Protein chains: 2
Amino acid sequence: MTRYAGAMTPRSYHHGDLRRAVLDAAATAITEHGPAGISLRDLARRAGVSHAAPGHHFGDKAGVLTALAAEGYDLLAETLREAQQSTGQFVELGVAYVRFAVEHRAHFEVMFRPDLYHADDPAVVAARGRSGDLLVGGVGSVTDPTGPDAEVAKVAAWSIVHGFATLWLTGALPPGFGEDPESAARAVAGMLFSKEPKG
Amino acid sequence: MTRYAGAMTPRSYHHGDLRRAVLDAAATAITEHGPAGISLRDLARRAGVSHAAPGHHFGDKAGVLTALAAEGYDLLAETLREAQQSTGQFVELGVAYVRFAVEHRAHFEVMFRPDLYHADDPAVVAARGRSGDLLVGGVGSVTDPTGPDAEVAKVAAWSIVHGFATLWLTGALPPGFGEDPESAARAVAGMLFSKEPKG
DNA sequence: GCGGCAAACTTGACAGTGACTAGATTGCCC
DNA sequence: GGGCAATCTAGTCACTGTCAAGTTTGCCGC
């Protein structure tokens with residue numbers, strides 16, 4: 001009996017790229033039901049394989065989310081690198097951070113829930129370091145990077161864009177901020193390091 | 001057979017205040033294992049009752065977290081009200097926000113995971129509204145509340161303290177920010193609406 | 001005091017889940 | 001084309017959330 005994954009690809013005993021398929025299924029399922037609402041067996045069903053197949057590639061459920069988190073940090077680094085090369089300004093780097101959170105919601109939500117995955121996994125730690133360096137680098141363009149408050153300024157910059165992204169994702173922001181998150185993020189990030197609101 | 005809840009209170013068929021006991025057990029369990037790592041049956045065991053008892057008070061698992069979220073918003077409102085009465089300044093209001101997140105970690109973590117509970121529950125909506133008004137009120141003290149960017153300033157303020165609290169809780173901040181979250185929060189929040197870092 | 005009634009709690013059951021084991025299938029390399 | 005390791009399946013077990021039915025108890029009117 002030949003089975004089919006989805007409605008397209010003919011399948012045999014070996015899937016071909018089950019790892020990729022499970023990660024994609026996880027991203028979809030998390031977007032639908034949140035990071036806590038997924039099950040390994042459902043991911044297996046979505047990929048068209050038996051219930052225990054994902055376990056062979058990722059060890060356990062946390063392993064799937066670990067791989068997703070690592071992938072997320074790499075995607076974030078890529079997004080930040082592009083923004084850095086085009087403008088290099090702090091505000092646009094922050095906008096890129098928010099854009100990543102919105103476009104890769106599932107990845108973002110997993111990345112900052114270390115209780116759900118193996119946060120000390122080497123691949124995750126390395127990818128997290130890369131993206132962290134990129135994010136923090138952009139703050140030097142607007143503040144004195146050697147000043148005593150340089151570290152505080154970096155954390156403040158990270159906090160404001162991370163907070164905005166988180167609040168946007170949870171739907172906690174007042175109506176009007178929902179339609180165009182990037183413009184809203186630009187306005188919000190612009191308030192940091194600027195004397196006062198223009199109004 | 002007489003049973004005992006914990007090691008103190010003699011118990012009979014009726015618990016007395018099972019609702020309170022389950023909520024306390026939930027807060028403890030969430031602090032230990034995260035919001036996704038709890039089980040109703042474990043809460044029942046911690047409270048010393050049968051596995052289905054919590055269901056009668058909260059309906060389902062999401063009901064427990066709904067009650068916890070509502071309680072959290074009320075606790076937050078209380079914390080903000082105290083800070084508002086003592087100083088009324090935006091920065092101290094933000095510090096109070098962070099203090100709440102640190103001291104009531106379990107509540108805070110649930111509150112901003114609407115996929116885990118019934119976010120449209122009337123009690124939650126009401127409590128959320130109360131705390132939101134208090135938080136936003138403090139921003140008017142530092143910016144022009146009638147200006148065109150007033151709404152943006154409020155969201156920026158909320159974002160920076162919420163982001164800092166979230167990052168602190170996930171352990172994502174660089175070492176040195178961990179020991180005294182309130183002082184760090186004060187420094188970070190002080191960067192908003194101020195021309196530039198002092199350094 | 002006491003009957004009864006509603007709330008609180010227990011017991012038992014069922015489907016779904018994560019994780020483990022053993023076995024079946026297949027790509028691939030020499 | 002033979003053999004081997006990787007890949008996947010099938011079966012199982014303890015645990016979970018939720019439901020239905022039964023048991024115990026506080027309490028109110030009399």
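Convention: sequence-line order gives letters A, B, ...; per-chain numbering from 1. These figures come from a predicted structure and were not determined experimentally.
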Atom pairs under 3.5 Å: protein N/O with N/O of nucleotides 25-29 of chain C:
none

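With sequence neighbours left out, A:Glu103 forms a salt bridge (charged side-chain N to carboxylate O under 4.0 Å, His left out) with no residue at all. Listed by chain and number, the residues in a salt bridge (charged side-chain N to carboxylate O under 4.0 Å, His left out) with A:Arg186 are A:Glu92 (sequence neighbours excluded). Partners of A:Phe112 by ring-ring contact (aromatic ring centres under 6.0 Å, His included), not counting sequence neighbours, listed by chain and number: A:Phe108, A:His162.
Residues in residues 104-114 of chain B take part in these side-chain hydrogen bond (donor to acceptor under 3.5 Å, both in side chains) pairs, two or more places apart or across chains: B:Glu71-B:His107, B:Arg105-B:Glu109. Pairs engaging residues 128-142 of chain A under the salt bridge (charged side-chain N to carboxylate O under 4.0 Å, His left out) rule: A:Asp74-A:Arg130 [sequence neighbours left out]. Applying the side-chain hydrogen bond (donor to acceptor under 3.5 Å, both in side chains) test to pairs two or more places apart or on separate chains, none has a residue in residues 75-89 of chain A. Sequence neighbours left out, the pairs with a member in residues 74-96 of chain B that pass ring pair (Phe, Tyr, Trp, His ring centres under 6.0 Å) are B:Phe90-B:Phe193. Among residue pairs with one or both ends in residues 29-41 of chain A, those qualifying as side-chain hydrogen bond (donor to acceptor under 3.5 Å, both in side chains) are A:Glu32-A:Arg46, A:Arg41-A:His51; sequence neighbours excluded.
Separating the CG atom of B:Leu18 from the C1' atom of C:dT10 is a distance of 12 Å, rounded to the nearest angstrom. Residue B:His57 contributes atom NE2, which lies 9 Å from atom C1' of C:dA7 at whole-angstrom precision. Counting to the nearest Å, the C1' atom of D:dT7 and the CZ atom of A:Phe58 are 13 Å from each other. Here D:dC8 presents its C1' atom at 16 Å from CG of A:Leu43, a figure rounded to the nearest Å.
Note on the helix from C:dG1-D:dC30 to C:dC30-D:dG1: angle between the axes of the first and last five pairs equals 20°, rounded to 10 degrees.
Within residues 114-122 of chain B, no residue approaches DNA chain C, by heavy-atom distance under 4.0 Å.
Note on A:Leu80: it does not cluster hydrophobically with A:Val136, by side-chain heavy-atom contacts below 4.5 Å among ILVMFWY residues. Side-chain heavy atoms closer than 4.5 Å link hydrophobic residues (I, L, V, M, F, W, Y) into clusters, and following such links, possibly through other members, connects B:Val102 to B:Leu93.
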Protein-proximity profile, nucleotides 14-22 of chain C, B/S/- by nucleotide at the 4.0 Å heavy-atom cutoff, equals ---BBBB--
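From B:Asp121, atom CG reaches atom CG of B:Leu65 across 12.0 Å, with rounding to the nearest 0.5 Å.
Looking at B:Leu43 and B:Arg45, their side chains never come closer than 4.5 Å, going by heavy atoms from C-beta outward.
Side-chain N or O atoms of A:Tyr117 include one that pairs as donor or acceptor with a backbone N or O of A:Met111 at under 3.5 Å.
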